Every structure is written in structure tokens, then in C-alpha cells.
Amino acid sequence: MQRKVDFDIQLKDKLPAASVKVGLAVQIGQDQDSGTWSCTAADNVLGELPANVIASLRPQTPFTAVVRSVKRAADDPEAVSSVQIRLSYQTAEQPQQLVQAEPPADDPAGFTLTTTELERLAYNEEFRTTLGDKRLQELLLKIDSAPNREQALKQALESADFREFADRMLSVMKPKEYPRVP
């Protein structure tokens, strides 16, 4: 079981929308000099943590932090003004070690996901958060319900954002074959 904490951060400075996306892993840390807790992503300080979040922090417990949602600036749609962050604390009850399974014999091309691959996706917080994006959900539904799914997928992969999502998915499912690209 995981303990999750969601909180909003008003960005200190507006950032380009392309640099802050749903699913982006962020770092939470305390400045040694000032003692303030802040959230950073790709060397950009997003902002300070709210007091109630600081009070509930358990730095000795491993956690992950990802961008859960992004709010664009009203005066500049190409800039982000605030983000929602999700902290997920790891607990002792983590999933068992996954055992590699082979694809079914009736799928020689390997298009069917193995149980291991599905579990890797299911237990990856960053991937699950990314799947919460409504636009992505709509696009996946469009691909799944298309008369020619392969063609719809090829068309979707022309978008840099969707290609990035697909690459992330592959790196989670098959990390040895598709190492994570920053």
C-alpha cells in the first residue's frame, strides 16, 4: 500500500509549457542554508512546499514525486503558472519480484503484453499519473476504437508528445531493450 499526498505549487517564475508536463518526475529537497523545502524539476525551482505538506513529510521514508496536473498562465497560454504534485511514499508492502513471462505461443510477433510488462506499468507511479491526462485518454480511446488501429497509432506517433509517452511506456515495460531517454 502507498500513502499519497497531493498539493499545489504556484510557480515562482512562469515556465514554458513544454518544460513541465504531467508525469514529470520532480525532486523535493531542503536547502541547507535557509531550511526551506522546495520542489525542482530539470534544474528549475518550481516553488516552496506548502506548510501542511512540510509538516507531513517523512524524509526517512522513500518517496517519489511527479507532476499530476499543470495549469497554464491566463495571460500566456504557452507558460505554466502552477502545478499539482503527487508524493507517493513507498511502504513495506511493495509488489513481489516480478518473474519474466514469455508472450503467448499464438503471438509470435510479441504484440501481446506479458504479465510482467503489465505489472511494471501498473506499479509505475509516473506512468499511472501520465495516464490521468484527459487528452491522452481521449487519444488512446480514439486509437482503440479506430477501424484501422495500426494506422491510427502511426498517425498518433507523429505527435512529439505521444511519441514521448510511447517511449516512456516501452522503457518501463522493457528497460533493458529500451533504456530511459531523458
Side-chain angles (χ1 to χ4, degrees), residues 2 4 6-29 38-47 49 63-88 98 103 107 109-182:
Q2 288 187 339
K4 299 175 184 174
D6 294 340
F7 59 93
D8 295 325
I9 291 184
Q10 291 296 116
L11 300 186
K12 290 176 81 169
D13 300 308
K14 291 180 191 171
L15 294 174
S19 67
V20 183
K21 296 186 179 199
V22 171
L24 176 69
V26 297
Q27 294 74 44
I28 305 292
S38 60
C39 182
T40 60
D43 297 326
N44 292 312
V45 175
L46 301 179
L49 273 61
F63 64 86
T64 57
V66 294
V67 175
R68 185 151 189 234
S69 68
V70 174
K71 184 176 181 182
R72 296 187 186 242
D75 60 340
D76 182 3
E78 296 300 316
V80 174
S81 63
S82 68
V83 293
Q84 183 179 63
I85 304 294
R86 170 167 280 179
L87 280 178
S88 298
L98 303 176
D107 182 21
F111 292 128
T112 303
L113 297 180
T114 64
T115 304
T116 301
E117 292 165 343
L118 288 170
E119 287 177 345
R120 283 186 178 137
L121 291 173
Y123 292 120
N124 185 285
E125 182 69 27
E126 180 181 351
F127 184 75
R128 289 190 352 226
T129 301
T130 302
L131 285 174
D133 183 83
K134 294 293 182 199
R135 290 178 298 182
L136 177 61
Q137 290 175 5
E138 290 169 8
L139 180 57
L140 291 172
L141 185 59
K142 181 180 175 184
I143 294 168
D144 192 48
S145 60
N148 184 339
R149 291 183 193 160
E150 188 173 345
Q151 182 60 35
L153 178 60
K154 284 180 182 178
Q155 185 178 0
L157 286 169
E158 291 174 8
S159 160
D161 287 342
F162 188 76
R163 212 172 29 255
E164 180 183 333
F165 163 76
D167 289 344
R168 258 194 287 171
M169 184 174 73
L170 287 171
S171 72
V172 170
M173 290 183 334
K174 299 180 180 195
K176 290 180 182 172
E177 295 173 46
Y178 300 95
R180 174 110 186 194
V181 180

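If you read the sequence from its start, that first residue is 1, and numbering goes on from there. Here the structure is a predicted model, which is why all the values come from computation and not from measurement.
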**Complete:** Sequence neighbours excluded, the answer for side-chain contact (heavy atoms from CB on, under 4.5 Å) partners of Asp144 is Arg149
**Request:** Would you name the heavy atoms of Val26 and Cys39 that are closest together and state the gap between them?
**Result:** CG2-SG, 3.6 Å
**Straight-line distance of Asp6 CG to Ser69 OG, nearest 0.5 Å** = 8.5 Å
**Message:** Could you report the tightest heavy-atom contact between Leu49 and Ser38, atom names first, then the distance?
**Reply:** CD1-C, 3.5 Å
**Request:** Would you give the length of the straight line joining atom NZ of Lys4 to atom CZ of Arg68, rounded to the nearest 0.5 angstrom?
**Result:** 8.0 Å
**Message:** Tell me the closest heavy-atom pair linking Gly23 and Thr129, and the distance in Å.
**Reply:** N-CG2, 4.3 Å
**Item:** Student check: side-chain heavy atoms of Val67 and Ile85 closer than 4.5 Å
**Value:** yes
**Request:** Tell me, yes or no, whether the heavy-atom count around Gln137 atom CD, taken from other residues, nucleotides or ligands under 6.0 Å, exceeds 12.
**Result:** yes
**Complete:** Closest heavy-atom pair, Leu46 versus Ile9, reported as atoms and distance to 0.1 Å, is O-CG2, 3.8 Å
**Prompt:** Quick one: are Phe127 and Met169 in side-chain contact, heavy atoms under 4.5 Å?
**Reply:** yes
Report, one line per pair, each donor and acceptor closer than 3.5 Å where one atom sits in a side chain of residues 71-78; sequence neighbours left out.
| residue | atom | partner | partner atom | Å |
| --- | --- | --- | --- | --- |
| Arg72 | NH1 | Pro77 | O | 2.9 |
| Asp75 | OD1 | Lys14 | NZ | 2.6 |
| Asp75 | OD2 | Lys14 | NZ | 2.6 |
| Asp76 | OD1 | Glu78 | N | 3.1 |

**Prompt:** What is the minimum heavy-atom distance between Pro16 and Ser19, and which atoms define it?
**Reply:** O-OG, 2.7 Å
**Request:** I would like to know whether Glu125 and Arg128 meet salt bridge (Lys or Arg N to Asp or Glu O under 4.0 Å); could you show each step before the answer?
**Result:** CA-CA 5 Å; Glu125 182 69 27; Arg128 289 190 352 226; 3.2 Å; yes
**Request:** Could you point out which residue of Val22, Leu140, Leu157, Leu139 forms a side-chain contact (heavy atoms from CB on, under 4.5 Å) with Phe165?
**Result:** Leu140
**Request:** Decide yes or no for Thr130 and Val66: does some side-chain heavy atom of the first lie under 4.5 Å from some side-chain heavy atom of the second?
**Result:** no
**Request:** Mind checking the CG-CG spacing from Asp161 to Asp133? Nearest 0.5 Å is all I need.
**Result:** 9.0 Å
**Request:** Answer yes or no: is there a side-chain heavy-atom contact under 4.5 Å between Val70 and Lys21?
**Result:** no
**Message:** Applying salt bridge (Lys or Arg N to Asp or Glu O under 4.0 Å) to Arg168 and Glu164, what does each step give before you reach the verdict?
**Reply:** CA-CA 6 Å; Arg168 258 194 287 171; Glu164 180 183 333; 3.7 Å; yes
**Request:** Decide yes or no for Glu158 and Lys154: does some side-chain heavy atom of the first lie under 4.5 Å from some side-chain heavy atom of the second?
**Result:** no
**For Asp8, all residues meeting salt bridge (Lys or Arg N to Asp or Glu O under 4.0 Å), sequence neighbours excluded** = none
